[in-house]
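First up is the structure itself, then whatever we jot down about it.
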There are 2 protein chains.
Amino acid sequence: MGSRATNASGILRELILISRRGVADARTAAVSLSLTDQSILGYIVDHPGARSVDIATAFRLNRSTVSRQLANLVRLGVVRERAVEASGRGRPLELTDAGWAAYHEALGILRSVVDHRLGDWTDAEVARFAHDLRRFNTHEEEGTNP
Amino acid sequence: MGSRATNASGILRELILISRRGVADARTAAVSLSLTDQSILGYIVDHPGARSVDIATAFRLNRSTVSRQLANLVRLGVVRERAVEASGRGRPLELTDAGWAAYHEALGILRSVVDHRLGDWTDAEVARFAHDLRRFNTHEEEGTNP
DNA sequence: GCGTAGCGTTGCACTATACAACAGGAGGTG
DNA sequence: CACCTCCTGTTGTATAGTGCAACGCTACGC
């Protein structure tokens with residue numbers, strides 16, 4: 001195979017392709033939530049009680065952007081502010097029951113796309129790929145544990 | 001390690017994260033070309049003489065979207081229609097000298113991000129990751145060979 | 001108790017995108 | 001050759017997502 005430089009370029013190329021085609025696929029899929037919304041819900045699921053500003057820093061977005069997205073999600077009834085917990089700064093968020101349903105529905109659809117792509121992979125290869133991706137993403141994460 | 005289902009979910013999760021953070025990083029980077037523009041230039045580089053509609057199908061975009069993006073790139077002087085070749089349908093595209101320069105500049109910047117993330121990987125691990133990504137992307141490509 | 005800083009919101013602007021309608025030309029059919 | 005059809009690209013209109021800047025509120029520290 002090629003040199004390390006060639007491989008690194010190939011990795012960049014494939015990642016760009018994944019990103020560009022992935023968002024297009026997700027856009028045309030019959031999902032009620034956009035990929036943007038889904039990523040926000042996923043963050044709240046992975047980080048219970050997360051606040052708006054946490055989401056903004058995790059995805060490198062402006063606070064105003066997240067504020068608007070969250071306002072929309074609240075309007076859709078999938079996200080709400082935690083009622084009881086009024087301690088500290090900001091407003092911890094959580095999913096409503098409808099939010100969990102929408103999250104799992106969208107996850108299932110996107111999962112089926114990934115599963116199809118992984119059709120002829122062995123379990124070991126899938127595990128290795130998942131590990132590599134995670135390693136790639138978590139390289140030098142300071143506090144922004146996604 | 002987890003089950004195959006767990007790993008597949010993890011892969012989806014990491015890919016979403018790559019996409020969401022990647023575009024944000026590219027947006028804030030001091031690059032003259034957006035990630036959208038860069039992906040179009042990359043396609044033309046990989047497929048000499050590609051036409052607008054080829055780009056649209058490769059990235060699952062509407063023809064109108066690509067038309068507008070290309071009009072902008074032509075206005076910026078990085079892409080032009082092939083002068084000599086008027087055979088067949090559509091209008092084959094190519095990069096100008098300025099286009100090549102911009103392409104390599106942007107590629108270098110994005111490459112440095114990827115290289116940094118791969119800092120502590122061995123050459124073999126990088127090669128394996130590149131291979132896995134390529135395999136994941138090229139699964140069941142019909143004619144849309146990107 | 002008061003000031004500062006963190007957090008969320010809103011106004012304005014811009015890019016990327018889709019859909020629909022249209023225009024022009026290449027290729028096939030008679 | 002003439003015509004018709006379909007491919008390709010363009011333009012009008014609408015929408016989502018995003019950034020920057022300015023503002024308002026409230027928790028925290030002194």
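Letters go in sequence order (proteins before strands), and every chain restarts at 1.
- At a threshold of 4.0 angstrom between heavy atoms, the contacts of B:Ser67 include nucleobase atoms, whether or not backbone atoms are also involved.
- A straight line from CZ of A:Arg75 to P of D:dA16 spans 9 Å, rounded to a whole angstrom.
- B:Arg21 places its CZ atom 15 Å from the P atom of D:dT18, with the value rounded to the nearest Å.
- B:Ser19 and A:Arg20 share no donor-acceptor pair across their side chains, judged by distance under 3.5 Å alone.
- Note: CD1 (A:Ile40) to P (D:dT18) measures 8 Å, nearest angstrom.
- Under the side chain to side chain contact (heavy atoms under 4.5 Å, CB included) criterion, B:Val45 pairs with B:Leu95, B:Trp100, B:Tyr103, sequence neighbours left out.
- If you check every strand for non-hydrogen atoms under 4.0 Å, B:Arg68 touches a base.
- Between the P atom of C:dA16 and the CG atom of A:Leu35 lies a distance of 18 Å, rounded to the nearest Å.
- For the residue pair A:Ser9 / B:Arg111, a side-chain donor-acceptor distance below 3.5 Å is found, with atom types taken as modelled.
- Here A:Ser52 lies in heavy-atom contact (under 4.0 Å) with sugar-phosphate atoms only.
- Rounded to an integer number of Å, the gap from B:Asn62 CG to D:dT11 C1' is 12 Å.
- At whole-Å resolution of the value, CD in A:Gln69 and C1' in D:dA16 are 8 Å apart.
- Side-chain N/O atoms of B:Arg51 include none lying less than 4.0 angstrom from OP1 or OP2 on D:dG9.
- Residue B:Ser34 places at least one side-chain N or O under 4.0 Å from the OP1 or OP2 atom of C:dA16.
- No contact: B:Leu70 has no heavy atom under 4.0 Å from any strand.
- B:Phe136 and A:Phe129 have tilted rings, their planes meeting at an angle from 30° to 60° on a 0 to 90° scale.
- Without hydrogens or angle criteria, A:Arg51 side chain to A:Gly90 main chain gives no donor-acceptor distance under 3.5 Å.
- Ranked by how close their nearest DNA chain C nucleotide is to the 5' end, A:Asp54 and A:Val23 are led by A:Asp54.
- Nucleotide D:dA16 holds its C1' atom 10 Å from the CZ atom of A:Arg27, rounded to whole Å.
- A:Arg63 places its CZ atom 14 Å from the P atom of D:dC23, with the value rounded to the nearest Å.
- An OP1 or OP2 oxygen of C:dA18 is reached within less than 4.0 angstrom by a side-chain nitrogen or oxygen of B:Thr65.
- Within the nucleic acid shown, B:Ser64 comes within 4.0 Å of at least one base atom, counting heavy atoms only.
- Along DNA chain D, the nucleotide nearest B:Ala71 and the nucleotide nearest B:Thr28 are compared for position; the residue whose nucleotide lies closer to the 5' end is B:Ala71.
- Residue A:Arg91 has no polar side-chain atom (N or O) positioned under 4.0 Å from OP1 or OP2 of D:dC25.
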